[in-house]
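Written out below as structure tokens is the structure these notes cover.
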Amino acid sequence: MLYDNLSVNSSGHLAIAGFDACDLAAEFGTPLYVLDEDRVRANCRVYADAMREHFPEGSMPLYASKALCFKGIYPVVADEGLGADVVSGGEIATALAAGFPADRLYFHGTNKTDADIAYGVEQGVGCFVVDNANELEVLGREATERGITQRVLLRVTVGLDPHTLEAINTGRVDSQFGVPIETGQALRFVVQAVGTPGIEVVGFHSHIGSQIFEATSFCDQVDRLLAFACSVRDEMGYVASTFNLGGGFGVRYVESDPQVDIAANIAAIAEHLRAGCADANYPVPRVLMEPGRSIVADAGTTLYTTGGTKHVEGYRDYVTVDGGMTDNPRYALYRSAYTVLNASRAASTADFECTIAGRCCESGDRIAENISIVRPVRGDIIAVLTTGAYNFAMSSNYNRVLRPALVMLHDGEARLAVRRQTVEDLLALEL
Ligand SMILES: *Cc1c(COP(=O)(O)O)cnc(C)c1O
């Protein structure tokens, strides 16, 4: 099995954290998102412990809400000592509705509207990650009018493509996120921010990408951030107390993906940062990271009921499921690889080569192509692993397919955390 929380039970069914997947499907219906809370907690702890051990005091992981945002996730990450990164009024409202402390929220976004900014300040969001000069102006005004000082990080782009490290891809400077260092604009951004009444600049944020499997990319990022911080210090005397390195450690979706030792990578990044700071005579900043995928992805499994198989002579076999791109658009968007199992026959040999197709009127509505599972019959439960991140969060009502329910597993209990959408929900907004 891909993960150690998965097993085959005495009925020959897939068990997730000890829960029979077929029983879960029978109790809650399909499609069903299943989230193993203990695995989420364990993932949180890897970051929290390693960051506490290796980085200066006050360093911590912020859970990137966009990966999986619903009320039930916030008490878990809050309990594990994480902050959270949020990107919209909706994510802020969800976190606050779940009792998440506002001062541990970091508010991202390329185009925060005036209403977003006012809402964030009013709710006491701990830190804004300011994307651009326009936002800075509105935020400064908003804070001043309310007589508060708003803490901010300034988002800069370091001009780094983690996938093509050798050839420094200046294309990454050309991005809608943040302000580029390379063009000199980031320096002017800091000058503006430090001089804006109502604003306290605590440091810099940069995010280089997602699904990163080694520390090297983060070390290159640290080099560039530190070089930038030094030039800012030399130019205007401002010293940053915080570096936010963004999100991005990779997750193992299929057996052939590497397994990241996150704690070891964090140790390596910290070592690199300390050495760089010593060389530059720069006080070692506290560090924030924003893991999303690597907190929730491998804790999630989606269960479907299959409508059976279809053989297209001379071509291939299809297995249809009662969901698809509406609950998991990642194959349609990125051709993402997934591990798929026949949960009803998990003890048998997976020798039926097939393509898993969804129920939408789109030939691209697939979950996986040319994979092997145990040959299913209509009614079998199909499990797609590693769907905790960017599945529920990216789900849609295309073809008016209803959104699945989400169940959390913890302490021997399967708890419905998000109920299945109904036709009434669907029609509720329509006058
Ligand atoms: C997407 C994103 C993250 C989370 O990325 P993961 O790959 O899910 O860890 C964190 N920070 C920012 C700014 C992002 O855009």
Side-chain angles (χ1 to χ4, degrees), residues 35 39-40 43-44 46-48 50-51 60-70 73 77 80 82-88 91-92 95 104-112 116 120 125-132 135 152-158 160-163 172 175-180 203-215 217-218 221-222 225 242-253 257-258 260 262-263 265-266 269 287-300 328-330 333-334 336-337 386-394:
L35 190 70
R39 202 166 173 95
V40 174
N43 291 338
C44 288
V46 168
Y47 277 95
M51 292 186 73
M60 66 165 157
L62 314 174
Y63 168 62
S65 297
K66 71 175 185 196
L68 174 62
C69 184
F70 70 107
I73 198 69
V77 296
E80 296 299 335
L82 276 64
D85 120 24
V86 285
V87 212
S88 68
E91 287 186 356
I92 294 174
R104 271 201 264 160
L105 291 178
Y106 287 69
F107 190 7
H108 270 279
T110 47
N111 180 17
K112 301 179 187 78
D116 287 339
V125 161
C127 187
F128 274 64
V129 183
V130 178
D131 180 89
N132 57 67
E135 179 188 337
V152 307
L153 289 165
L154 302 178
R155 180 159 182 171
V156 298
T157 45
V158 295
L160 200 65
D161 184 337
H163 304 295
R172 296 297 299 218
S175 153
Q176 76 266 44
F177 304 106
V179 179
F204 308 125
H205 171 282
S206 97
H207 170 78
I208 51 172
S210 217
Q211 262 315 64
I212 300 169
F213 286 99
E214 16 63 57
S217 305
F218 288 105
Q221 180 193 14
V222 161
L225 265 186
T242 305
F243 282 4
N244 183 331
L245 303 180
F249 272 123
V251 162
R252 192 159 171 248
Y253 285 92
D257 282 339
V260 188
I262 289 173
N265 278 287
I266 287 174
I269 297 165
V287 172
L288 304 172
M289 299 182 89
E290 301 170 330
R293 184 194 308 271
S294 50
I295 299 291
V296 289
D298 66 9
N328 181 0
R330 292 188 67 258
L333 282 172
Y334 321 115
S336 307
T386 333
T387 57
Y390 306 113
N391 273 236
F392 175 86
M394 288 182 143

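For ligands, and for the atoms within them, numbers begin at 1 and follow the listed sequence. Counting begins at 1 with the first residue of the sequence.
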Contact check: [X] vs ligand 1, nitrogen or oxygen atoms, below 3.5 angstrom:
X      : value
His205 : no
Gly292 : yes
His108 : no
Ser210 : yes

Legend entry - Nearest-neighbour protein heavy atom for atom 5 (O) of ligand 1, which is reported as residue plus atom name and distance: Tyr390 OH, 3.6 Å
Inset, instruction - Identify, for atom 2 (C) of ligand 1, the protein heavy atom at the shortest distance, and state residue, atom and that distance. - result: Lys66 NZ, 2.5 Å
Please identify which atoms of ligand 1 are closer than 4.0 Å to at least one heavy atom of [X].
X      : answer
Asp85  : 10 (C), 11 (N)
Ala64  : 3 (C), 4 (C), 10 (C)
Gly247 : 9 (O), 10 (C), 11 (N)
Glu290 : 3 (C), 4 (C), 9 (O), 10 (C), 11 (N), 12 (C), 13 (C)
Arg155 : 13 (C)

Inset, instruction - Carefully, step by step, assess Leu68 and Leu35 under the rule side chain to side chain contact (heavy atoms under 4.5 Å, CB included). - result: CA-CA 11 Å; Leu68 174 62; Leu35 190 70; 3.9 Å; yes
Inset, instruction - May I ask you to identify, for His207, whether its side chain, its backbone, both or neither come under 4.0 Å of ligand 1 on a heavy-atom basis? - result: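 Only the side chain of His207 comes within reach of ligand 1.
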Inset, instruction - Indicate, as side chain, backbone, both or neither, the part of Met289 found under 4.0 angstrom from ligand 1 when only non-hydrogen atoms are considered. - result: neither
Inset, instruction - For the pair Phe70 and Phe392, name the ring-plane relationship: parallel under 30°, tilted 30 to 60°, perpendicular over 60°. - result: perpendicular
Inset, instruction - Examine ligand 1 and decide if any of its atoms is less than 4.0 Å from a heavy atom belonging to Gly248. - result: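 It does, in that a heavy atom of Gly248 comes within the 4.0 Å cut-off of ligand 1.
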Legend entry - Test item, Pro291 contacting ligand 1 (heavy atom, 4.0 angstrom): yes
Nearest heavy atoms of [X] and [Y], plus distance in Å:
X      : Y      : result
Leu62  : Pro291 : O-CD, 3.2 Å
Val86  : Glu91  : CA-OE1, 3.3 Å
Arg293 : Ala389 : CA-CB, 3.8 Å
Val251 : Ala297 : CG1-CB, 3.9 Å

Inset, instruction - For His205 and His108, run ring-ring contact (aromatic ring centres under 6.0 Å, His included): C-alpha distance rounded to whole Å, both residues' side-chain angles, the deciding distance at 0.1 Å, then the answer. - result: CA-CA 10 Å; His205 171 282; His108 270 279; 4.6 Å; yes
Legend entry - N-O pairing of Asp131 and Lys112 below 4.0 Å: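 Salt bridge: no.
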Inset, instruction - Dump the intermediate steps for ring-ring contact (aromatic ring centres under 6.0 Å, His included) on Phe218 and Phe249, then the final yes or no. - result: CA-CA 10 Å; Phe218 288 105; Phe249 272 123; 4.8 Å; yes
Legend entry - Flag for Arg252-Thr386: side-chain donor and acceptor within less than 3.5 Å: no
